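In this text the structure is predicted, and so the values were computed from the model without any measurement. Each chain gets a letter, A, B and so on, in the order the sequences are listed, and its residues count up from 1.
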Amino acid sequence: MIGRSCFDKVIAAYRRVIRITSISYKRSHTITQLNGNSGSVRPLDFREGLSMIIEGTKIEAASYVPLLQECINRNSLSEVKIVHGHIIKTGTHQDPFVMTFLVNVYAKCGTMEEAKRVFYNLPRINAVAWTSLMTGYVQNSQPELAIHVFLDMLEAGAYPTNITLGTAINACSSMESSKLGNQIHAYIVKYRTEDDTSVGNSVCSLYSKCGSLGSAIKAFRRIREKNVISWTTVICACGENGEAFQGINFFVKMLSEGIEPNEFTLTSILSMCSTMLSLGVGLQVHSLSIKLGYESSLRIRNCVMYLYLRCGSIDEAQKLFDGMQRVSLVTWNAIIAGHAQMIEIAKDDLSAHHRGTEALKIFSKLNRSGMKPDLYTFSSVLTVCSRLVALEQGEQTHAQILKTGFLSDVVVGTALVNMYNKCGSIERGSKAFVEMSMRTLISWTSMITGFANHGHSQQALDLFEDMLLAGVRPNQITFVGVLSACSNAGMVHEALNYFEMMQKDYKIRPVPDHFECLIDMFVRLGRLEEALDFIKKMDFEPNEVIWSLLVGGCRRHGNMELGFYAAEQLLKLKPKDPDNYLMLLGMYLSAERWEDVSRVKNLMKEEKISKIQYWSWIGIKDQVYSFKPNDRLHPQSAEIYKLLDELLDRAESLGYKSQECFELIDEDDEEQTFSSTVYHSEKLAVAFGMLNTLNVAPILVIKSTPMCRDCHNFIKVVSSETGRQIIVRDSKRIHKFVNGHCSCGDFGFGL
DNA sequence: CTAGGGTTAG
């Protein structure tokens, strides 16, 4: 980074020179045009050219250009060096045109050191050469250096062309320095080159990057002869500034004026369709791009695939992916992220789980393909691991990240912290957090929430105070973590304090999530009247979660009158969460209110509540094993039940009493019946885990519905009897069983 | 001269 005084120097120098040279634009322009004309030399085929070079045959100077161009397309620095060597051998390094082009070539290959060396050895340095070096620095994310070159150029007495000015503006755009940009723009206006197409394009882009769409559109309007780049720039400006719809309008106008979009235009429009989730428009653009001959364009294919993913048509996306012969890393990343995103919105846990394992499969395919994953890949994969509670895969990914050096990236680091926390290892999560060299709001929030979910309330609150001391401003989500920490520990006083702090000090409006934490807290403490008071105080209607918390609390604390009232409210909302139907059925059943039981069942049919699936699953190595209640399909069934019966006996001798717990069982395909069962799916999965993992390894089980009280008691005893850590993540929270205790404080199970 | 597509907390 260079200081502001340097910019002032640039401006001062620029001011000096532009006064003397303002008349000479025309002349510089001709130089460009002359250089742009490569004459009537027959272009060489790449292979032909390269073999001539290897044989040492002399080739014409102008033939080097298409040859080098092909090297760029193939992104092959080694081939560039071969050609460069030949240029020197044949004495063509005296040719200013070829050598200037070589500056571009090295810049495009990302090696600015080489580009600089060629530049300083040029036989003659003209405006095009200066501009090439500047462009190189802008492209390689060193805009400050581009401005330095600009200054050198002016001091050397060279005349900036329109393209030079445009490049200087581009450097300002990358630095997001509207100040310097404005200054240069002022001179552009003064010397009336504003209506020039390439200058105007750059100015339009500058204002878009600086966040003023209005100025960007004005700059666009002032361009006399708008080309496809001008249109693309203004369309992108709309997209970048959250006005995708306006961008589409510009696109339509562009088409009606007979300007043909190119690959850039099409990809920009397609990604805007993705953000707007307008699959229909996007597909029309896709067929337009096929008509225009871009059917095999990888970039357009990536965009269309991403469009499908965003709009939830994952199968279409997968089909497109499978049909692509050539893919880029972005293609892989998009399909992995797409599957990861589908985990959230999947209809049921089993299909969500399927999405996740699919994503991990694609990731290992990517690794086998020889392409190197990057920080985007790793962030997505870690997210998938955390959602699947796939600790082993997460550890492997962690190792791979260490090897490839992406751990220094703050997003990857945050995803890693989150993965360990979600997979039950708060120790490694907090270790990874401490080791981060930089933390964002999201990192802090993730760790606070991690502590809260693991029942480490005090640590969550301490960390929150650290965060404030570090000068990071909490947001709504941070406070959800803080309040849930208070709620889990029953810290009423602290909860109310933080709730007030959030509103008064940080001006954050409470959302339902915040109230849910508070109401949950009062309900757990059996302070049902206070919970009800709080509900009355909210400035929005109580939602499904809030009523269901109240119903659950009333059942637990035996306040049936309030319980039935809350249940009525819940029924009125026609809940979406299958767990709530289960809870209501349980309540009415134990109260022997048969009419209400059938009322709930009818509502379930009416609302098309999918069958409640009591699946549990466990991942061992790369395989995932799933279990239904009383599952006997598994090949190891005999061993599983034998171990389970042994454990039940041992537990009973220690005072564990099996309790009747109800789950809805699928007896035939049509009807769900209510029945009690000892062999709940989580018991089976835990036993299976014991049989198939090392004695020291923690057992990780996921369950699609809340754990019941019986399984919770049983697994507590098992954890102390066997000395194994057992982690069950159910649909509500994480339960970490260690030495007979659960991190949820025994308030976190279902019925 | 446009420089596009993919990531983290709930």
Side-chain angles (χ1 to χ4, degrees), chain A residues 32 108 131 135 138-139 161-167 169-170 173-174 196-205 208 223 227-237 239-240 261-272 274-275 297-307 309-310 328-338 340-341 344 373-384 386 406 409-419 421-422 436 439-450 452-453 474-481 484 511-514 516-517:
Chain A
T32 332
K108 282 250 165 65
T131 310
T135 308
V138 175
Q139 281 168 351
T161 67
N162 284 347
I163 293 178
T164 319
L165 292 173
T167 308
I169 291 276
N170 292 341
S173 299
S174 332
D196 174 82
T197 311
S198 99
V199 172
N201 293 347
S202 294
V203 173
C204 176
S205 177
S208 164
I223 300 171
N227 63 8
V228 59
I229 297 171
S230 320
W231 286 97
T232 306
T233 309
V234 78
I235 289 168
C236 288
E240 280 162 11
N262 64 14
E263 200 186 25
F264 285 106
T265 328
L266 294 167
T267 50
S268 305
I269 284 290
L270 282 170
S271 58
M272 282 155 76
S274 303
T275 44
S297 153
L298 179 58
R299 284 172 179 142
I300 288 187
R301 282 177 171 228
N302 282 342
C303 284
V304 175
M305 193 185 83
Y306 187 64
L307 176 74
L309 291 170
R310 284 271 315 188
S328 65
L329 185 57
V330 176
T331 324
W332 288 101
N333 288 346
I335 193 96
I336 291 172
Q341 163 200 302
E344 292 288 282
D374 68 357
L375 67 164
Y376 292 102
T377 331
F378 287 130
S379 316
S380 295
V381 169
L382 287 172
T383 310
V384 172
S386 69
F406 283 108
D409 180 76
V410 66
V411 177
V412 174
T414 306
L416 187 72
V417 168
N418 189 49
M419 185 277 291
N421 289 345
K422 290 281 160 61
M436 287 174 84
R439 295 172 197 93
T440 62
L441 166 66
I442 298 180
S443 324
W444 289 98
T445 304
S446 179
M447 194 64 227
I448 290 169
T449 309
N453 289 342
N475 69 5
Q476 204 186 69
I477 301 166
T478 319
F479 275 104
V480 176
S484 86
V511 293
D513 287 351
H514 299 125
E516 286 160 18
C517 291

Rounded to the Å, how far apart are [X] [atom1] and [N] [atom2]?
{"X": "A:E240", "N": "B:dA3", "atom1": "CD", "atom2": "P", "result": "6 Å"}
{"X": "A:M447", "N": "B:dG10", "atom1": "CE", "atom2": "P", "result": "12 Å"}
{"X": "A:I163", "N": "B:dA3", "atom1": "CD1", "atom2": "P", "result": "16 Å"}
{"X": "A:Q139", "N": "B:dA3", "atom1": "CD", "atom2": "C1'", "result": "8 Å"}
{"X": "A:I448", "N": "B:dA9", "atom1": "CD1", "atom2": "P", "result": "15 Å"}
{"X": "A:W444", "N": "B:dG10", "atom1": "CH2", "atom2": "P", "result": "17 Å"}
{"X": "A:I336", "N": "B:dT7", "atom1": "CD1", "atom2": "C1'", "result": "11 Å"}
{"X": "A:N227", "N": "B:dT2", "atom1": "CG", "atom2": "P", "result": "11 Å"}

Kindly say if [X] contacts the phosphate of [N], meaning a side-chain N or O under 4.0 Å from OP1 or OP2.
{"X": "A:K422", "N": "B:dG10", "result": "yes"}
{"X": "A:N418", "N": "B:dT8", "result": "no"}
{"X": "A:S205", "N": "B:dA3", "result": "yes"}

Between [options], which nucleotide gets closest to the side-chain atoms of [X]?
{"X": "A:V330", "options": "B:dG6, B:dT8, B:dA3", "result": "B:dG6"}
{"X": "A:D409", "options": "B:dT7, B:dA3, B:dT8", "result": "B:dT7"}
{"X": "A:T135", "options": "B:dA9, B:dG6, B:dC1", "result": "B:dC1"}
{"X": "A:S380", "options": "B:dA9, B:dG4, B:dT7", "result": "B:dT7"}
{"X": "A:N262", "options": "B:dG10, B:dT7, B:dT2", "result": "B:dT2"}
{"X": "A:A337", "options": "B:dT8, B:dG4, B:dT7", "result": "B:dT7"}
{"X": "A:I229", "options": "B:dG6, B:dT7, B:dT2", "result": "B:dT2"}

Between A:S230 and A:N227, do the side chains contain an N or O donor and an N or O acceptor separated by less than 3.5 Å? yes
Mind checking if [X] touches a base, just sugar-phosphate, or nothing, with heavy atoms under 4.0 Å?
{"X": "A:N170", "value": "sugar-phosphate"}
{"X": "A:S268", "value": "nothing"}
{"X": "A:Y306", "value": "sugar-phosphate"}
{"X": "A:S328", "value": "base"}

Taking C-beta and beyond as the side chain, do A:N453 and A:N421 meet within less than 4.5 Å on heavy atoms? no
Nearest heavy-atom contact between A:S271 and A:S268 is OG-O, 3.0 Å
Atom of A:D196, atom of A:I223 and distance for their closest heavy-atom approach: O-CG2, 4.5 Å
Those residues at least two apart in sequence (or on a different chain) that pass side-chain hydrogen bond (donor to acceptor under 3.5 Å, both in side chains) with A:S443 are A:T414, A:T440
Qualifying residues under side-chain hydrogen bond (donor to acceptor under 3.5 Å, both in side chains), relative to A:N170, sequence neighbours excluded: A:S202
